[in-house]
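Worksheet: one structure, shown below.
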Amino acid sequence: MHLTVCEPAAMAAAVAMDPPGGVGFLQSCGAGDCSASLEDVTANSESSEEELACETEEKVRTVTPHPSETPVSAENTRTQPGTVPRPASLSLASSDDLKLWTFKGDREVKLRMSESGPASEPPITVHQMFTSTVERFGTHTALGWKEGDQWKTLNYQDYYQQCRTAAKGFLKLGLERYHGVGILGFNSTEWFIADIAAVLAGGFAVGIYTTNSAEACHYVADNCQANILVVENHKQLQKILQVQDKLPHLKAIIQYKEALKEKRPNLFTWAEFMEMGREVPDSQLDDIIATQKPNQCCTLIYTSGTTGQPKGVMLSHDNLTWTAFATSRNVRLTEAQELVVSYLPLSHVAAQMIDIWLTMKVGGATYFADPDALKGSLVNTLKEIRPTAFMGVPRVWEKMQEKMKSVGAKSSTVRRKVAAWAKDVGLSTNLSKMQRNGATASRAPLNYLLAKKLVFQKVRKALGLDRCTKCYTGAAPITKDTLEFFLSLDIPVYELYGMSESTGPHTISLPDAFRLTSCGKVIPGCETKIFRPDEEGNGEICFWGRHVFMGYLNMADKTEEALDSDGWLHSGDLGKHDDQDFLFITGRIKELIITAGGENIPPVPIEDAVKEAVPLISNAMLIGDKRKFLSMLLTIKCQVNSDSGAPEDELTEEAVRLCQRQGSSSTRVSEIACGRDRTVHAAIQEGINRVNENASSNAQRIQKWIVLERDFSIPGGELGPTMKLKRPVVMKMYKEQIENFYKEVVTPTTPENPLPPK
Ligand SMILES: Nc1ncnc2c1ncn2[C@@H]1O[C@H](COP(=O)(O)OP(=O)(O)OP(=O)(O)O)[C@@H](O)[C@H]1O
């Protein structure tokens with residue numbers, strides 16, 4: 001190895017950095033750009049020697065208070081800033097006639113408490129959890145956001161007071177008990193405050209996906225009988241204005257960003273709304289808070305509809321507070337030290353649990369990314385904040401991987417060789433560590449220490465993950481290839497598994513309990529049951545615990561489908577445990593393909609295998625339910641429009657290179673789609689043949705496939721907000737192509753048809 005010729009920073013760049021001006025997920029920011037640090041960020045963190053050295057080079061900025069943080073007027077305040085009212089002691093209805101579930105928003109449920117262990121923790125409301133944090137960490141930073149190039153922060157005391165003011169504002173606007181406050185916008189201080197205020201005021205906090213159409217917004221607002229809608233800007237407001245006449249319970253709309261373009265009755269700016277809140281006596285709010293019980297609903301999470309019409313998942317105070325307690329303990333979050341960057345859609349349970357509740361539970365700080373985070377700016381925010389914990393849905397990790405590979409491929413041969421060497425060392429060292437359940441070897445191998453210094457530390461720094469000890473993925477399946485890629489760079493990405501219906505996490509991987517492709521072990525205090533296991537131990541994963549939801553709002557039948565008569569939540573996912581209780585997801589019953597011949601085929605492993613065998617493929621969807629054989633829709637890796645997020649015709653640089661390697665000069669999807677590029681088609685067929693060779697039966701072989709003209713995307717409607725494939729939508733969109741698979745007579749001579757259907 002010629003390590004001496006390789007300059008470390010350049011090496012890291014070769015492995016990790018984006019091309020200058022590159023379009024896409026992570027935009028380039030040279031190592032020298034890592035200039036921003038935060039006084040409170042650094043003060044709150046345990047820094048290694050190296051980190052401290054880095055920090056001394058950085059400029060410390062003064063953090064000024066939020067301009068909207070005007071003091072709460074004394075006559076309206078029973079609670080002065082900095083003091084926390086003690087809630088009246090709350091007693092749960094102890095009656096035996098309480099059930100474990102309900103489908104009515106105003107009911108109480110029986111909590112799944114146990115006599116000892118984590119599940120015996122006394123239940124508390126959101127208000128109780130919040131005030132406990134304010135008492136302990138009142139002056140600590142709770143929220144941070146950027147104005148121009150200055151970071152501003154809000155401490156826990158002021159955060160709490162602002163939530164109270166907003167809660168009183170909602171009361172003034174006529175929020176009724178158990179009615180929704182819909183929040184439609186990108187992650188921000190106002191989003192959090194509106195969410196918590198809705199809960200304190202006795203309503204339901206309801207996140208609405210910003211990607212929803214006007215009709216989809218209407219569905220949610222109508223379903224939760226929203227009295228108030230909080231929208232980010234004019235664009236989101238337009239959607240609501242289109243449907244407001246069909247929302248009989250709607251009383252007011254609040255726009256929290258941008259000036260109002262027109263005045264309308266019952267449309268308010270954030271400042272006007274907060275002003276209204278200041279006029280309401282505290283006693284009015286405190287009376288409502290005093291009647292709240294942990295076993296009552298306070299939040300609705302709407303499923304994104306990957307398997308059908310969205311359902312309103314009712315979460316109780318206890319669901320939120322207990323899950324935050326149990327998870328923070330399990331993941332060993334450090335009080336008053338954790339920093340997270342909020343960028344995933346807050347209407348999804350994972351983002352809400354991590355960014356709002358877990359962070360509140362431990363007195364951590366949440367910093368808001370820019371709204372164009374997923375279009376490229378996220379890495380800049382990560383580099384400024386240097387979070388201690390980071391959660392990405394699989395697509396986020398995949399995008400990072402693609403970008404890093406594409407840049408790495410352009411570097412010199414020597415650098416590529418060193419990167420490859422370091423990755424080999426990283427993977428083998430980390431796999432051994434995993435087998436030792438996280439224990440470091442008595443003496444770290446020299447080559448690992450060298451690779452760490454030359455490559456791994458630089459990569460982490462370039463990604464803004466240099467002090468992030470908790471890198472997580474969840475919400476959808478991730479490929480082994482992506483997990484191994486990051487493991488080889490000394491970034492173990494731990495998996496979380498759960499559902500909206502389990503208030504987020506059910507199993508978690510930990511540094512000392514981690515297996516590649518496993519979602520980890522069940523959170524202490526919760527239980528997993530594998531229902532009707534087959535001979536290999538595969539069965540439906542069922543959940544038990546205080547994280548299990550109350551029921552679906554106004555959907556008795558769906559609630560009874562999800563929760564069995566003993567109260568177990570049926571996930572609809574297939575999985576099995578290994579001999580050490582690690583859970584592995586092996587499929588989704590919800591999307592199981594049952595062929596005309598009666599064979600049950602989980603599509604994801606086959607789709608993943610194709611993506612792995614043919615790196616040019618961006619998305620793959622297996623077809624075959626009630627059909628005689630399997631077929632597949634494929635899309636090619638292409639550029640994404642940085643404004644709209646829509647897929648473009650130009651291939652990614654990686655895809656162009658892959659084509660060239662096969663002898664093709666295609667640079668656009670349109671040159672490849674529908675069999676236009678025979679060379680590329682032959683290469684894809686070869687990959688599919690390899691996957692077919694490993695199929696466990698003839699029925700599991702892909703017999704026909706087509707490359708579509710356009711990649712799947714959120715704006716296109718094929719992917720949900722957490723990038724999960726919306727199979728029913730794709731089936732409808734490509735009905736014609738799918739029908740063609742089954743119309744044609746199969747001829748084994750064409751590249752698409754290697755084998756005649758059995
Ligand atoms: N780590 C994971 N690995 C594989 N699948 C996962 C993982 N985490 C979550 N999932 C999948 O996501 C599902 C939960 O989805 P979630 O409750 O977040 O709803 P959603 O994304 O809004 O979509 P839907 O409309 O399908 O309910 C799980 O049942 C499982 O299928």
Side-chain angles (χ1 to χ4, degrees), residues 206-209 211-212 216 219-220 299-315 319 323 344-354 391-398 471-480 482-483 493-509 514-523 528 531 540-543 547-549 552 555 558 561-562 569-576 582-592 602-605 607-608 714 717-730:
V206 185
I208 305 176
Y209 286 108
T211 46
N212 274 7
Y219 176 85
V220 172
T299 288
L300 296 173
I301 302 281
Y302 279 84
T303 58
S304 57
T306 52
T307 50
Q309 190 70 294
K311 301 176 282 262
V313 172
M314 291 196 285
L315 298 182
N319 283 145
T323 307
L344 288 174
L346 280 170
S347 21
H348 192 268
V349 72
Q352 232 176 81
M353 181 43 67
I354 294 169
M391 159 90 185
V393 294
R395 194 70 190 130
V396 167
W397 292 108
E398 281 163 21
C471 291
Y472 274 97
T473 177
I478 190 165
T479 61
K480 189 175 176 205
T482 301
L483 293 171
V493 177
Y494 302 112
E495 266 196 75
L496 287 167
Y497 160 71
M499 311 170 70
S500 313
E501 291 84 344
S502 66
T503 324
H506 176 68
T507 63
I508 302 184
S509 293
F514 169 49
R515 292 290 178 274
L516 216 58
T517 73
S518 159
C519 308
K521 296 188 180 186
V522 70
I523 295 174
T528 305
F531 183 60
E540 185 178 12
I541 304 167
C542 299
F543 305 177
H547 61 331
V548 172
F549 76 134
Y552 297 114
M555 290 184 178
K558 297 280 176 202
E561 266 172 40
L569 168 62
H570 286 242
S571 67
D573 295 313
L574 287 170
K576 65 175 182 184
F582 282 100
L583 183 69
F584 291 80
I585 312 284
T586 51
R588 274 183 120 192
I589 296 172
K590 315 172 227 196
E591 54 190 24
L592 203 66
V604 176
E607 291 161 355
D608 284 349
I714 299 176
E718 301 95 338
L719 303 179
T722 49
M723 310 280 190
K724 252 188 302 203
L725 192 53
K726 289 185 165 181
R727 290 175 193 271
V729 173
V730 178

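Counting starts at 1 for both ligands and their atoms, following the listed order. These numbers were taken from a predicted model, which means no experiment stands behind them.
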| Taking only heavy atoms of K724, which atoms of ligand 1 are found under 4.0 Å from at least one of them? | 11 (C), 12 (O), 13 (C), 14 (C), 15 (O), 16 (P), 18 (O), 19 (O), 20 (P), 21 (O), 23 (O)
| query | Are side-chain heavy atoms of I301 and H348 found at a separation under 4.5 Å? | reply | no
| request: Can you measure from CG (L725) to CZ (R395) and round to the nearest 0.5 angstrom? | output: 11.5 Å
| request: Enumerate the atoms of ligand 1 whose separation from the nearest heavy atom of R588 is less than 4.0 angstrom. | output: 13 (C), 26 (O), 31 (O)
| Non-hydrogen atom of D573 closer than 4.0 Å to ligand 1 | yes
| task | Report yes if some heavy atom in the side chain of Y472 is under 4.5 Å from a heavy atom in the side chain of I354; otherwise report no. | result | no
| task | Decide whether an N or O pair under 3.5 Å exists between Y497 and ligand 1. | result | no
| request: Calculate, to the nearest 0.5 Å, the distance between atoms CH2 and CE belonging to W397 and M391 respectively. | output: 10.0 Å
| S500 heavy atoms, cut-off 4.0 Å: which ligand 1 atoms fall inside? | 16 (P), 17 (O), 18 (O), 19 (O)
| remark: The answer for which part of L496 has a heavy atom under 4.0 Å from ligand 1 is backbone
| note | Checking heavy atoms under 4.0 Å, the part of A475 that sits near ligand 1 is backbone
| Atoms in ligand 1 flagged as close to H348, the criterion being non-hydrogen separation under 4.0 Å | 18 (O), 21 (O)
| field | Note, F549 side chain near M499 side chain (heavy atom, < 4.5 Å) | value | no
| request: Look at E607 together with R727 and state whether they make a salt bridge at an N to O cut-off of under 4.0 Å. | output: yes
| note | In L569, T507, I585, the residue satisfying side-chain contact (heavy atoms from CB on, under 4.5 Å) with I541 is I585
| For the side-chain contact (heavy atoms from CB on, under 4.5 Å) test, which of V313, V220, V349, N212 pairs with Y302? | V220
| For A476, is the nearest heavy atom under 4.0 Å from an atom of ligand 1? | yes
| field | Atoms of ligand 1, numbered as shown, that sit under 4.0 Å from any heavy atom of E495 | value | 1 (N), 2 (C), 3 (N)
| message | When you measure from the heavy atoms of G498 to every atom of ligand 1, does any distance fall below 4.0 Å? | response | yes
| request: Decide whether the shortest distance between a heavy atom of G720 and an atom of ligand 1 is less than 4.0 Å. | output: no
